[in-house]
Q: 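Below: one structure in structure tokens.
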Amino acid sequence: MTTKLVSQMTLEEKAALCVGINAWQTYAVERLDIPSITVSDGPHGVRRAQTIADGSLPATCFPTASALASSWDVELIRQLGQALADECIAIGVDVLLGPGNNMKRSPLCGRNFEYFSEDPYLGGEMAAAFIDGVQSKGVGTSLKHFAANNQETERMTVNAQIDERALREIYLAGFERAVKKSQPWTVMCAYNRLNGPYGSENHRLLVDILKEEWGFEGFVVSDWGAVHNRVNALIGGLDLEMPGPQEMRVQRVAEAVQRSELDEAVLDAAVERILHIVFKAKQTKKGGTQIDIDGHHALARQIAGETMVLLKNDNLLPLRNVKKLAVIGKAAKEPYFQGGGSSHINPTKVDMPLEELQKLANGAEISYADGYTMQDEFDQALIDEAVKIAAQAEVALLYIALPPFKESEGYDRKDIDLTNQEVALIKAVTGVQPRSVVILNNGSAVAMNEWIDGAGAVLEAWMMGQAGGGAIADVLFGRVNPSGRLAETFPLKLSDTPAYLNFPGENGEVRYGEGLFIGYRYYDAKNVPILFPFGYGLSYTTFEYSKLQLSKKAIKATDGLTVTVEVKNTGSVAGKTTVQVYVHDCKAELVRPEKELKGFAKVALAPGESKTISITLDERAFAYYHPGYQEWVVESGEFEILVGQSSADIGLKESVYVEAPRNRVAPLQRYSTLKEWLNHPRGQVVLESALAQFMKSIEQTFGEAVLASDAIEWAKDLPLDVVFAFWGQNLNMTSEELVENLLAQL
């Protein structure tokens, strides 16, 4: 159908279809009954507006991505996606612009609250579940920002320089998993350049990898304002430019075809991809329904409760029989529940944390003090007031929000600290009231060294959405047993972080000098002390892991492996834990991280209950990307399967021998080293005769003073022609001739 339609369209119509008609809609061709579709911002809510400047329609504001990933619950994320789709249908949206799946390379990225994790496997699973949920209802998604959009500083122009292994294993892997597993209707290109070309013009990224290698079936849309040259962008694989109208862009595309600067087949392919999604979207009628305000608000509260991470608890939580509470912090009355920028939602209603606390406090006397403002200022009087009420209470609850001037889309954080006012406030309050709970609202890791020792408990509540105030109360009073686990490492200090020396770059470029080693991969490799590890989180109960079993002790990589473990709730209350499976490659040709997350499962258990959990690892769980072969490889050898409750809490370990699907041998070239020749099965045979003459030549030249075997060991890292040039005087041909002769024999 779409191919026939394309053949019936004029050149100008095709060019117009590839550029938005306004801020949020595509071009319609009425004579051919080609409708327009509507897209909308909002990974954690529907931000439906008529123009970019307009206020958006009311919608449910769910927790942001950094919170969602901390749930480690793919089914919960799928339910979120379905609710978002229902709201899209109600207010006339065909494609929701999300989820964001960029890696948390540095905690300084101002947009980290919109991204899932520092780990591509976890991020990929979260993104896939989100996409599945939304698209199951006939609404599309836009997986973004593809790729390496990991900072806000110079985000529209900076050139991210990333080596091939890091690119494939870290920065593309999460996108790859989501694309292959869930097929988002659209993928949004990033603003930045990647190893030279802009994201909107990067043919290797958008065509070679995304469309051809991964089999992406939808269309690629620009981030708003990301296109610099419309013709180059079409050639580079960008199908739809947003926003519109862009009459000059349309004209330029048509002229480029007429002048043979642009192959019309490239334009036709883009048009066909867009039409495929347009007609898919129109299969689901939009409008005519109402948002389930109360139902979705309740779901938002449930989700928020599942995402909160209990970081510290000196037997203070859950609160029991407290008669006098001091509530401190501006965020208790003015909740900080979402980030700034394009994802900002106009919520249907908002829970006030203080009000929700009062509902569950069972008649306790509650006093309140602001403690701080959301401005960059210091006010000792506010601290003094807070100290006074804290000293008179049984428990102090400090609601601490990282203010918008610290983190938002559009700029990066300068540090990972709370404000000076907030740090001083926490230290002063905990100094007089050790039974103090610090409740954090922030989008990414914060430093806590200055004050955490004095706090009785710390609850990471993230940007928790419009119902987060009630969810905090649920956790504090034990109505919800916290089950969140960190999706990112919390460092002790900024200078410990992997990208510290290379963020945000300079002179228009940012070098990803840490390579593969971001997040826990870096802290493991460097043995750097941290505040809280990836995957960490406390509960009001305890769990025991035991009876780790592998389906086989030796496998072919293509067969995969099933890991089973028994989990028991050894405490007195119901709770949830996340079983985390990491893989360690005992010996590899190229450097690999100490361990990498390759599977997880969240399980709910009643007190005393046990369950056996099975997690399947596929071939990719054992693979790494080899730039020499330009493909993912598995090497035959021993792998350790590590099971634990965080990246730093590995309680169980078993080994499996993995047989590679085939032996890969790097091709030998003129400048290959002696070691590469000796390690090459065919090269070693071909080299045997010449090597024997070489050893004889050394003995004749140096006698017993130098053993030929020692010389070979010394020369292993030299190119073979250099080896023969140094010591091959008696080989009856030049070193170049000898190497060419050996290569010919191969």
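Because the structure is a prediction, the values reported are computed rather than measured.
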Q: Has Lys602 got a side-chain atom pairing as donor or acceptor with Ser71's backbone, closer than 3.5 angstrom?
A: yes

Q: Identify which one of Ile615, Leu550, Thr616, Ile555 satisfies the side-chain contact (heavy atoms from CB on, under 4.5 Å) criterion when paired with Thr562.
A: Thr616

Q: Return the CG to CG distance between Leu194 and Asn159, rounded to the nearest 0.5 Å.
A: 7.5 Å

Q: So, taking the atom named CG in Asp585 and the one named CZ in Phe622, what distance separates them when rounded to the nearest 0.5 Å?
A: 10.0 Å

Q: With no hydrogens and no angle check, do the side chains of Ser106 and Gln151 hold a donor and an acceptor under 3.5 Å apart?
A: no

Q: For Phe517 and Tyr522, run ring-ring contact (aromatic ring centres under 6.0 Å, His included): C-alpha distance rounded to whole Å, both residues' side-chain angles, the deciding distance at 0.1 Å, then the answer.
A: CA-CA 4 Å; Phe517 296 95; Tyr522 173 83; 7.8 Å; no

Q: Are Lys104 and Glu488 within salt-bridge range, i.e. N to O under 4.0 Å?
A: yes

Q: Using atom types as modelled and distance alone, determine if a side-chain donor or acceptor of Ser636 lies under 3.5 Å from a backbone N or O of Ala660.
A: yes

Q: May I ask you to say whether Glu514 pairs ionically with Arg165, meaning some side-chain N is under 4.0 Å from a carboxylate O?
A: no

Q: Can you tell me if Arg193 uses its side chain to pair, donor with acceptor, with the backbone of Thr157 under 3.5 Å?
A: yes

Q: Is the backbone N or O of Leu597 less than 3.5 Å from a side-chain atom of Tyr520, with the two atoms forming a donor-acceptor pair by type?
A: yes

Q: Quick check: does any side chain N or O of Asn112 sit under 3.5 Å from a backbone N or O of Tyr115, one acting as donor and the other as acceptor?
A: no

Q: Using only heavy-atom distances, determine whether the side chains of Thr2 and Glu272 contain a donor-acceptor pair under 3.5 Å.
A: yes

Q: Would you say the side chain of Lys653 lies within less than 4.5 Å of the side chain of Val643, judging by non-hydrogen atoms?
A: no

Q: Under 4.0 Å between a side-chain nitrogen and a carboxylate oxygen: does that hold for Glu594 and Arg521?
A: no

Q: What about the rings of Tyr512 and Tyr171, do their centers lie closer together than 6.0 Å?
A: yes

Q: Verify, without hydrogens or angle tests, whether Ser182 (side chain) and Val179 (backbone) share a donor-acceptor contact under 3.5 angstrom.
A: no

Q: So, do Leu122 and Phe534 sit near enough that their side-chain heavy atoms are less than 4.5 Å apart?
A: yes

Q: Is the shortest heavy-atom distance from the side chain of Ile274 to the side chain of Cys18 under 4.5 Å?
A: yes

Q: Examine distances only and state if a side-chain atom of Ser200 and a backbone atom of Ala226 form a donor-acceptor pair shorter than 3.5 Å.
A: yes

Q: Are any side-chain N or O atoms of Asp412 and backbone N or O atoms of Gly110, one a donor and one an acceptor, separated by less than 3.5 Å?
A: yes

Q: Decide whether Gln580 and Tyr582 meet the rule of one side-chain donor and one side-chain acceptor closer than 3.5 Å.
A: yes

Q: Does Glu506 CD have over 12 foreign heavy atoms under 6.0 Å away?
A: no

Q: I'd like to know if Lys553 pairs up with Glu654 as an ion pair, taking the criterion as any Lys NZ or Arg NE/NH1/NH2 lying under 4.0 Å from an Asp or Glu carboxylate oxygen.
A: yes

Q: What do the steps show when you test Tyr121 against Phe600 for side chain to side chain contact (heavy atoms under 4.5 Å, CB included), and what is the final call?
A: CA-CA 10 Å; Tyr121 181 87; Phe600 63 89; 3.7 Å; yes

Q: Is a donor from one side chain sitting under 3.5 angstrom from an acceptor on the other, for Thr141 and Gln135?
A: yes

Q: Nearest 0.5 angstrom please: Arg592 CZ to Lys587 NZ, how far?
A: 14.5 Å

Q: Any chance the side chains of Glu241 and Ser222 put a donor and an acceptor closer than 3.5 Å?
A: no

Q: Would you check if Val563 and Leu617 make a side-chain contact, meaning some heavy-atom pair closer than 4.5 Å?
A: yes

Q: Taking atom OH of Tyr500 as the centre, does the number of heavy atoms from other residues, nucleotides or ligands within less than 6.0 Å exceed 12?
A: no

Q: Regarding Glu125 and Lys181, does a basic nitrogen lie under 4.0 Å from an acidic carboxylate oxygen?
A: yes

Q: Hey, does the side chain of Arg78 reach the backbone of Gly133 with a donor-acceptor pair shorter than 3.5 angstrom?
A: no

Q: Taking atom CG of Asp496 and atom OH of Tyr523, what is their separation to the nearest 0.5 Å?
A: 6.5 Å

Q: Quick one, Asp223 with Lys144, criterion salt bridge (charged side-chain N to carboxylate O under 4.0 Å, His left out). Give me CA distance, side-chain angles, the key distance, then yes/no.
A: CA-CA 9 Å; Asp223 203 342; Lys144 63 182 187 180; over 6 Å; no

Q: To the nearest 0.5 Å, what is the distance between NZ on Lys675 and OG1 on Thr673?
A: 6.0 Å

Q: Do Leu172 and Ile209 have side-chain heavy atoms sitting under 4.5 Å apart?
A: yes

Q: Test Val187 against every option in Leu206, Leu210, Asp239 by the side-chain contact (heavy atoms from CB on, under 4.5 Å) rule and name the one that passes.
A: Leu210

Q: Below 4.5 Å, heavy atoms only, C-beta onward: do Val656 and Val658 meet side chain to side chain?
A: yes

Q: Other residues, nucleotides and ligands only: do more than 12 of their heavy atoms fall within 6.0 Å of NZ on Lys180?
A: yes

Q: Would Val510 and Arg105 count as a side chain to side chain contact (heavy atoms under 4.5 Å, CB included) if you check the C-alpha gap in whole Å, the side-chain angles of each, and the deciding distance to 0.1 Å?
A: CA-CA 12 Å; Val510 54; Arg105 177 180 177 237; 3.5 Å; yes

Q: Closer than 4.0 angstrom, basic N to acidic O: yes or no for Asp163 and Arg168?
A: no

Q: May I ask you to establish whether Arg620 and Trp632 are in a cation-pi arrangement, using a distance under 6.0 Å from NZ or CZ to the six-membered ring centre and at most 45° from the ring axis?
A: yes

Q: Let's go through Phe116 and Trp72 carefully: what are the C-alpha distance in whole Å and the side-chain angles of both, what is the deciding distance for ring-ring contact (aromatic ring centres under 6.0 Å, His included) to 0.1 Å, and is it a yes or a no?
A: CA-CA 10 Å; Phe116 290 121; Trp72 291 64; over 10 Å; no

Q: Which value, rounded to the nearest 0.5 Å, describes the distance between Asn150 atom CG and His145 atom NE2?
A: 11.0 Å

Q: Could you go step by step and tell me if Met156 and Asn192 meet the side chain to side chain contact (heavy atoms under 4.5 Å, CB included) rule?
A: CA-CA 5 Å; Met156 298 191 77; Asn192 52 281; over 6 Å; no

Q: More than 12 heavy atoms of other residues, nucleotides or ligands under 6.0 Å from OH of Tyr657: is that the case?
A: yes

Q: Could Glu169 and Arg177 be called an ion pair, given the rule that one side-chain N must be under 4.0 Å from one carboxylate O?
A: no

Q: Step by step, would you call Thr578 with Gln645 a side-chain hydrogen bond (donor to acceptor under 3.5 Å, both in side chains)?
A: CA-CA 7 Å; Thr578 298; Gln645 299 189 55; over 6 Å; no

Q: Cut-off 3.5 Å, side chains only: do Glu596 and Tyr624 have a donor facing an acceptor?
A: no

Q: Could you check His228 against Glu201 for side chain to side chain contact (heavy atoms under 4.5 Å, CB included), going step by step and ending with a plain yes or no?
A: CA-CA 9 Å; His228 301 271; Glu201 301 176 9; 3.9 Å; yes

Q: Would you please test Glu638 and Ser655 for side-chain hydrogen bond (donor to acceptor under 3.5 Å, both in side chains) and show each step?
A: CA-CA 7 Å; Glu638 184 181 0; Ser655 294; 2.9 Å; yes

Q: Under the 3.5 angstrom rule, does the side chain of Gln549 hit a backbone N or O of Val565 as a donor-acceptor pair?
A: no

Q: Suppose we call two aromatic rings close when their centres sit under 6.0 Å apart. Are Phe146 and Trp214 close by that rule?
A: yes

